[in-house]
Structure formats: C-alpha cells, structure tokens
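Each residue takes its place number in the sequence, starting with 1.
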Amino acid sequence: WVAQVFLFNQNYINAAVYDVESKVEGLRPRLAESDLSDESELLFFLSMTVNGKMLLVNNQGSLIGAYSMGHPLDLKNDSTITTSWASVQNSDLYSKALIGESFTDTKTYGATSTWVIIGVPVRYNGQDAFAILNHSLSDIYAMLDVNRRQLIILSVLLTVVASVLAALFSRRFTKPIFSI
C-alpha cells in the first residue's frame with residue numbers, strides 16, 4: 001500500500017500525459033494541412049482529448065477562440081478562459097506559442113501535478129494559430145483516492161483475517177502440547 005501511494009502516483013500522471021501527447025502526436029500531420037475552423041470533427045476531437053479547455057491563439061498573441069468538450073466558449077463572459085489564458089501569458093510557454101514552437105508542460109502546485117499543457121501549431125480561420133490544450137489531472141487524482149481507500153480497506157480486512165487465522169491455528173497447535 002505504501003509503495004502504491006508514494007511510487008505509483010507519478011506513474012499514473014506520466015501515463016495520462018503520454019496518452020494526451022500520443023493523441024495529439026497522431027494528429028500533427030492533419031493539423032499541419034487542415035484549417036480547424038473547417039474541421040469541426042477534428043476540433044471536437046481535440047477539445048474532447050483534454051478534459052479541460054483548448055485555447056486558440058493567433059501569431060500576435062491574441063486569444064481568438066476557446067473550446068471545451070467539443071463546444072465553443074464565450075471568450076468575453078467565461079472567467080475561467082481568461083484565467084487559463086493569463087496563466088499561459090505569464091509563463092515561458094507564451095514565447096513558444098508566439099513563435100509556433102510545440103511544447104508540453106506540467107503545472108504543479110506543491111508536489112501535485114494538476115494540469116498538463118500541450119501547445120501545437122495549427123491553422124484557424126485561414127491564419128496561422130496555436131492551440132493550447134489544458135488537460136486537467138483531477139480525474140486521475142480521484143481515481144487514485146478511490147484506489148487508496150480500497151487498499152486501506154483491503155489491508156485492514158486482511159489484517160483481521162490473518163489475526164483470526166493465527167489465533168485459531170495457534171490454539172490448534174498448542175492444545176496438544178498442553179495436554180502432553
């Protein structure tokens with residue numbers, strides 16, 4: 001149980017990062033030749049790949065679109081978009097986005113990774129743009145919490161069963177010795 005708690009957490013996070021990266025990597029040729037505004041299926045798939053938000057940025061660094069779970073978001077009235085965008089603008093990732101360089105980064109708070117951010121160059125509405133995919137890791141942490149609870153319950157249950165069996169077997173073996 002201790003090994004699972006301390007050692008495997010990062011493996012789950014790395015697997016989630018790899019999963020999103022591999023999905024995006026498989027789409028790179030299509031992203032290079034297609035316009036996302038004309039490819040609603042591709043736009044839907046990209047924004048569904050991440051269980052967060054997809055931001056679209058032009059070469060001047062202006063936010064030109066945002067999608068979540070396949071649906072466009074209102075840039076003016078959704079405060080979570082401006083918060084996500086502000087966190088990208090205030091990081092080293094912003095300069096990479098402006099020059100169209102792909103990147104992958106993990107946002108951490110303390111020792112906990114909370115977001116994976118993947119940036120990939122795209123075309124949107126006929127102009128060069130950049131898609132920034134914010135993938136939330138909250139589902140993985142929820143799954144890890146369930147696993148931990150199950151491991152704790154199983155450990156307690158097995159300890160009780162082992163104690164009962166030890167008591168039964170010790171009486172069974174010591175009873176003949178006492179009678180001798």
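- Here salt bridge (Lys or Arg N to Asp or Glu O under 4.0 Å) pairs that include residues 115-127, with residues two or more places apart or in two chains, are R123-D128.
- Rounded to the nearest 0.5 angstrom, S163 OG and L158 CG are separated by 10.5 Å.
- For R28, the side chain to side chain donor-acceptor pair (under 3.5 Å) partners two or more places apart in sequence, or in a different chain, are E25, S102.
- Taken from CG in L36 to OH in Y67, the straight-line distance is 8.0 Å, to the nearest 0.5 Å.
- For V146, the side-chain contact (heavy atoms from CB on, under 4.5 Å) partners at least two apart in sequence or on another chain are R149, Q150.
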Verdict with supporting geometry, F130 and V120, side-chain contact (heavy atoms from CB on, under 4.5 Å): CA-CA 6 Å; F130 204 77; V120 60; 5.6 Å; no
Q60 and N58: CA distance, side-chain angles, deciding distance, side chain to side chain donor-acceptor pair (under 3.5 Å) verdict: CA-CA 5 Å; Q60 292 77 37; N58 65 13; 3.3 Å; yes
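- For L157, there are no side-chain contact (heavy atoms from CB on, under 4.5 Å) partners two or more places apart in sequence or in a different chain.
- Applying the side-chain contact (heavy atoms from CB on, under 4.5 Å) rule to A66 yields the partners L55, L73, L75, I81; only residues at least two apart in sequence or on another chain are considered.
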Show which side-chain atoms of residues 171-180 pair as donor or acceptor with protein atoms under 3.5 Å away, not counting sequence neighbours.
residue : atom : partner : partner atom : Å
T174    : OG1  : S170    : O            : 2.6
S179    : OG   : K175    : O            : 3.4
S179    : OG   : P176    : O            : 2.8

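- Here the closest non-hydrogen pair linking P121 and L31 is O-CB, 4.4 Å.
- You'll find the side chain of V122 reaches within 4.5 Å of the side chain of L56, heavy atoms only.
- Of all non-hydrogen atoms in N125 and D35, the two that sit nearest each other are N-OD1, 2.9 Å.
- A distance-only check finds a donor-acceptor pair linking the side chain of S155 to the backbone of L151 [under 3.5 Å].
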